[in-house]
Amino acid sequence: MAGIWLDVLDEIARTCTAHGRADLLRTVHHKRVQLLEPALRVLVVGEPGQGKSQLVNAVVTAQVCPVGDGRTTVLPTVVRHAETACAAVVRHPVQRERPAGSDGAAALASAGSSVAPYAAVPAVSPAAERTPLPLDRLAAGVAGIIPRGAGPAHVEVGVPRALLADGLVLVDTPAGDGTIPAAGTPEAALHRADLVLLVSDSTRELSVAELNLLLHLTRSHPNVAVVQTKTDLVPDWRAVAERNRQHLHEAGVPAALIPVSAALRLRAAVADDHPLNAESGFPVLIARLRRDLAGKGDALARTAVTMLARTVVEQLAAPLRAELDSQQVEEQAGPISRLHAAQREVDELRRCSTRWQNTLSDEMTDLLSDIEYDLRERTRQILREVDTAFDTADPLTGWDVFEEWLERSLAAAARENREWLVRRCDWTARRVAAHFGRYGHDALPEWSTAVPEDPAERLPHFERPAIDRFTVTQKVLSGMKGSYGGMLMCGLALTLAGMPMINPVSVGFGALLGGKAIRDESRQHLRHRQSAAKTAVQRHVDEFFLRVTKDCRDTARQVQRLLRNHFTALTEELQEDIVQSLRSAKQAADTDAAARDRRQREIRARMARLARLHEQAQGLTAGRGAGPVLLEQPA
């Protein structure tokens with residue numbers, strides 16, 4: 001009968017060993033020992049005053065647990081079969097702390113076969129001390145019998161009863177405070193139990209603490225029932241039972257509710273009253289105990305192994321799922337992501353190279369156009385001022401002052417144009433360098449050495465133009481030409497009047513015309529000198545513009561070449577670093593991908609084995625009924 005579930009349990013143990021979980025392996029060991037024992041261990045738990053001890057007394061129809069008059073269970077009481085009634089207090093010595101991992105190492109070392117790792121662990125340590133105790137003293141209470149310094153203790157009671165002789169073992173636990181009340185470690189006592197009975201009386205409905213306890217119990221134990229006691233004290237106990245069933249259903253607790261009266265059961269046992277015993281509700285509870293006792297080696301064991309398998313599979317699969325999730329995170333932040341980042345860096349550097357070259361070319365083209373326009377505007381302003389000045393001024397009278405002003409104005413124009421060139425070159429260099437800002441490099445080169453310090457030192461020399469003077473001889477000749485013609489025309493006119501050709505009037509008129517001729521010739525010479533000066537200045541300014549423009553173009557080209565060479569070298573350096581990083585990232589990604597793929601296949605294979613183990617365990621309870629219901633009459 002035990003072959004199928006025992007094979008599954010052995011497979012669970014081997015799986016725990018394969019996963020290196022010594023703690024789970026010990027749990028499987030204890031469960032195997034428990035399920036192979038023929039006895040049915042029933043753990044009775046509940047809050048104070050609910051009638052746990054009286055329930056145990058009523059099941060075995062004997063006063064084996066202290067009840068009434070303020071007496072309560074202070075130590076876990078184990079009730080089992082004995083030829084004669086007896087009681088003993090079992091004290092355990094204080095255990096020394098063992099080195100961490102010693103149990104796990106021993107358990108794993110012994111996991112080579114399906115039988116060897118499951119050596120039975122005795123329920124009581126050989127070093128435990130037993131103190132015989134009269135049964136009446138046990139019923140009166142055992143407070144104060146545990147000596148100081150003793151370790152955990154419990155009470156063992158032997159009672160000659162047929163139900164106990166069949167293998168039933170009852171464990172009455174001290175009242176708890178909403179946690180699991182049990183002997184020693186609560187979880188250990190719970191795992192050793194085949195059936196857990198939560199006792200709650202009929203004077204009230206199930207409390208929130210009891211429902212929470214039931215939720216905890218049903219998640220960790222496959223066989224839980226609720227016993228509603230003291231039905232003899234509450235007339236509407238059936239309504240309380242119905243509401244309790246509704247609470248269990250709403251809370252999702254798969255536990256049966258069995259209403260009983262321990263007082264009626266004990267009275268029926270004394271009077272051998274079968275109808276009263278049936279009214280007490282205990283036949284249903286006894287039938288449940290017998291059913292579980294009869295089915296421990298099959299149905300109950302199958303259910304226990306199924307739940308144990310689910311718990312073990314969940315605990316073994318959780319770290320595997322977490323590792324798969326962490327690998328996905330590492331894949332996004334690991335070598336693969338670094339490879340993708342390096343590939344993006346290569347593409348970005350390629351785009352950056354195109355962008356900075358276009359920026360440098362466009363900015364230098366605009367710079368040359370703007371610099372030439374700026375210098376042209378400055379020289380035009382100078383020429384306008386020259387034209388305005390020589391419209392009235394005579395180059396003969398203020399040429400030295402004018403020449404000094406012209407040289408100073410041209411030098412200022414050259415310096416201001418140079419400053420504009422420097423600012424534009426600096427702005428262009430920074431714009432190009434901005435494309436490399438994301439790489440964390442100090443990408444701005446020292447380009448100012450390509451710009452001349454003082455452009456005024458290289459200005460062309462202004463040669464003074466040849467300006468003709470209006471000499472005295474030229475004035476006399478001009479005057480004679482003008483006076484002769486005037487005197488002749490005036491004399492001829494006067495001869496018609498009978499006057500001589502040369503007379504005071506003709507002479508005066510000739511002198512007047514001679515002065516006018518001198519003045520006209522003088523103005524003509526002034527305009528000629530002004531025109532010659534403007535032409536000379538125009539030629540000089542044109543030469544100045546050409547030379548300065550040539551210097552600016554040369555300077556801009558030198559700055560452009562310097563920036564181009566610098567950023568080209570920087571691009572090559574970055575490209576070499578990024579390509580090397582790409583190679584390293586690709587190599588690391590290939591290695592990591594292979595290792596990760598190998599580990600993922602291993603994890604998926606393990607999870608597949610866990611899934612098969614879970615399906616195999618679920619198959620133990622698929623399609624099985626509840627089994628027959630057996631009744632026991634009071635002894």
Between [atom1] of [X] and [atom2] of [Y], what distance do you get to the nearest 0.5 Å?
{"X": "L170", "Y": "R80", "atom1": "CG", "atom2": "CZ", "value": "10.5 Å"}
{"X": "L206", "Y": "N244", "atom1": "CG", "atom2": "CG", "value": "4.0 Å"}
{"X": "L43", "Y": "N223", "atom1": "CG", "atom2": "CG", "value": "12.0 Å"}
{"X": "L24", "Y": "T311", "atom1": "CG", "atom2": "OG1", "value": "9.0 Å"}
{"X": "E250", "Y": "Q246", "atom1": "CD", "atom2": "CD", "value": "4.5 Å"}
{"X": "L195", "Y": "K296", "atom1": "CG", "atom2": "NZ", "value": "11.0 Å"}

Say whether, by atom type as modelled, one donor and one acceptor occur between the side chain of [X] and the main chain of [Y] under 3.5 angstrom.
{"X": "T229", "Y": "S261", "answer": "no"}
{"X": "N277", "Y": "D273", "answer": "no"}
{"X": "T306", "Y": "Q618", "answer": "no"}
{"X": "N57", "Y": "V64", "answer": "yes"}
{"X": "D236", "Y": "A239", "answer": "no"}
{"X": "K52", "Y": "L198", "answer": "no"}
{"X": "R161", "Y": "V60", "answer": "yes"}
{"X": "T173", "Y": "V171", "answer": "no"}

If you look at every heavy atom in [X] and [Y], which pair is closest and at what distance?
{"X": "A209", "Y": "E47", "value": "CB-OE2, 3.7 Å"}
{"X": "A241", "Y": "L257", "value": "O-CD2, 3.2 Å"}
{"X": "D172", "Y": "C65", "value": "OD2-SG, 3.6 Å"}
{"X": "H221", "Y": "D194", "value": "CE1-O, 3.4 Å"}
{"X": "L215", "Y": "A251", "value": "CD2-O, 3.3 Å"}
{"X": "Q50", "Y": "V199", "value": "O-CG1, 3.3 Å"}

Does any non-hydrogen side-chain atom of [Y] lie less than 4.5 Å from one of [X]?
{"X": "V56", "Y": "V79", "value": "yes"}
{"X": "L308", "Y": "T27", "value": "yes"}
{"X": "I12", "Y": "V305", "value": "yes"}
{"X": "L266", "Y": "Q54", "value": "yes"}
{"X": "S220", "Y": "H216", "value": "yes"}
{"X": "V59", "Y": "L285", "value": "yes"}
{"X": "V78", "Y": "V157", "value": "no"}
{"X": "E205", "Y": "H247", "value": "yes"}

H19: what forms a side-chain contact (heavy atoms from CB on, under 4.5 Å) with it, not counting sequence neighbours?
T15, R21, L316, L320, R606, L610

Under the rule for side-chain contact (heavy atoms from CB on, under 4.5 Å), what residues qualify as partners of T203, not counting sequence neighbours?
D201, V234

Decide side-chain contact (heavy atoms from CB on, under 4.5 Å) for L300 and L40; before the verdict, give the C-alpha distance in whole Å, the side-chain angles of both, and the deciding distance to 0.1 Å.
CA-CA 10 Å; L300 189 62; L40 179 72; 3.6 Å; yes

Salt-bridge test for [X] and [Y]: reply yes if a basic N is under 4.0 Å from a carboxylate O, no otherwise.
{"X": "R204", "Y": "E210", "value": "yes"}
{"X": "R288", "Y": "D292", "value": "yes"}
{"X": "E615", "Y": "R612", "value": "no"}

Verdict with reasoning, D298 to R302, per salt bridge (Lys or Arg N to Asp or Glu O under 4.0 Å)
CA-CA 6 Å; D298 185 29; R302 289 169 179 265; 2.6 Å; yes

Is there a donor in the side chain of [X] and an acceptor in the side chain of [Y], or the other way round, less than 3.5 Å apart?
{"X": "R265", "Y": "T61", "result": "no"}
{"X": "Q228", "Y": "S200", "result": "no"}
{"X": "H614", "Y": "Q616", "result": "no"}

If you apply the rule side-chain contact (heavy atoms from CB on, under 4.5 Å), what do you find for L163 with R290, and how did you get there?
CA-CA 8 Å; L163 187 61; R290 285 193 175 278; 3.7 Å; yes

Before you tell me yes or no, could you show the steps for D23 and R26 under side-chain contact (heavy atoms from CB on, under 4.5 Å), namely the whole-Å CA-CA distance, both residues' side-chain angles and the distance that decides it to 0.1 Å?
CA-CA 5 Å; D23 55 337; R26 286 194 297 272; 3.8 Å; yes

